[in-house]
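See below for the structure under consideration.
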Amino acid sequence: MSTFKQIYKPLLAQADWQSSDQVKMADAVLASWLHEQGSLSRRFARDCHQFSVLLLEQSPIKAAQLQPGEQQMLGRVDCLERNVVLQGDGIPWVFARTLIPLPTLTGDEQDLAQLGELPLGYRVFTDQSARRDALQLAEFRLEGESLWARRSRLWVKEKPMLVAELFLSAAPVYPRKAAQDGNPLSTFKPSISVTSGR
């Protein structure tokens, strides 16, 4: 699973994020997934028999290591970085990277550091105060194939965290033909270009 960290994490790092209201999309189904305001995990769970989370790594990250856009969203603050893969019936659908500021991990939210392979969305959206804002989108071209990602800020009890999600080729957000192959890496080529998504 190091492939996910070696390929998809750097891919997210080079994303040309655009405000969601600046991105025009022709595919209504894909747009509805990218603009999902509730728990993405709960929505995915309705699209498969068994939804699961694979925890790749979780470790502290210093404020100085955050990208400028991340600092703009969260402030210059030390965070807990959580990288996971969301899977439907064992097939990787999403690579997700979450930054949780250490001040967020206080009070009732201390348990966010102990989720392990439980979905973050399940925990966050059980709280009535949960909300999402600052939604941004990015598109990647991989040898003629289009992959999409989104980044948004989640709030729980007015405490922020930042989640970036890259929708892999087998995810049900794309035309069903993309899901015929159970291996999301089978169509991946190292030649990458990033488009603005406009």
Partners meeting side-chain contact (heavy atoms from CB on, under 4.5 Å) with [X] (sequence neighbours left out):
| X | value |
| --- | --- |
| Ala164 | Leu12, Trp17, Arg151 |
| Ala113 | Leu80, Leu105 |
| Lys159 | Thr104, Thr106, Glu109 |
| Ser52 | Gln87 |

* To do: Using the ring of Tyr122 (Phe, Tyr or Trp, six-membered ring only), decide whether Arg42 places NZ or CZ under 6.0 Å from its centre and within 45 degrees of its axis.
  =>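 Checked: cation-pi criterion met.
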Enter the distance from [X]:[atom1] to [Y]:[atom2] here, rounded to the nearest 0.5 Å.
| X | Y | atom1 | atom2 | result |
| --- | --- | --- | --- | --- |
| Leu99 | Met161 | CG | CE | 11.0 Å |
| Ser152 | Arg131 | OG | CZ | 12.0 Å |
| Arg132 | Leu154 | CZ | CG | 4.5 Å |
| Ser39 | Leu120 | OG | CG | 8.5 Å |
| Asp111 | Leu115 | CG | CG | 6.0 Å |
| Leu86 | Phe95 | CG | CZ | 10.5 Å |

Please answer whether the main-chain N or O of [Y] pairs with a side-chain N or O of [X] as donor and acceptor at a distance below 3.5 Å.
| X | Y | value |
| --- | --- | --- |
| Gln110 | Gly107 | yes |
| Gln37 | His35 | yes |
| Ser129 | Lys157 | yes |
| Asp27 | Leu30 | yes |
| Tyr174 | Leu147 | no |
| Arg150 | Leu34 | yes |
| Asp89 | Cys48 | no |
| Gln18 | Gln136 | no |
| Arg82 | Gly116 | yes |

Any idea which heavy atoms bring [X] and [Y] closest together, and the distance?
| X | Y | answer |
| --- | --- | --- |
| Ala149 | Phe140 | CB-CE1, 3.6 Å |
| Pro103 | Val77 | CD-CG2, 3.5 Å |
| Leu66 | Gly75 | CD1-O, 4.2 Å |
| Val173 | Val29 | O-CG1, 4.5 Å |
| Ala134 | Arg153 | CB-NH2, 4.0 Å |
| Pro119 | Ser41 | CB-OG, 3.6 Å |

Quick one: does [X]'s side chain get under 4.5 Å of [Y]'s, heavy atoms only?
| X | Y | result |
| --- | --- | --- |
| Val85 | Leu56 | yes |
| Leu74 | Cys79 | yes |
| Trp93 | Leu168 | no |

Salt bridge (charged side-chain N to carboxylate O under 4.0 Å, His left out) with [X]: which residues, sequence neighbours excluded?
| X | result |
| --- | --- |
| Arg97 | Glu70, Glu81 |
| Arg43 | Glu36 |
| Glu117 | none |

**Q.** Hydrophobic cluster membership, Met25 vs Leu40, 4.5 Å side-chain cutoff
**A.**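 In one cluster: yes.
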If Ile, Leu, Val, Met, Phe, Trp and Tyr residues are connected whenever their side-chain heavy atoms lie under 4.5 Å apart, and connections chain through other members, are Leu55 and Ile100 in the same group? no
Contacts satisfying side chain to side chain donor-acceptor pair (under 3.5 Å) that involve residues 60-69 (not counting sequence neighbours) are none
Name all residues meeting the side-chain hydrogen bond (donor to acceptor under 3.5 Å, both in side chains) criterion together with [X]; count only those two or more places apart in sequence or in a different chain, and write none if there are none.
| X | result |
| --- | --- |
| Glu57 | Lys9, Asn83 |
| Ser146 | Glu139, Trp148 |
| Asp21 | Ser19 |

- Residues two or more places apart in sequence or in another chain: which of them pass ring-ring contact (aromatic ring centres under 6.0 Å, His included) with Trp33?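 So Trp33 forms a ring-ring contact (aromatic ring centres under 6.0 Å, His included) with Phe44.
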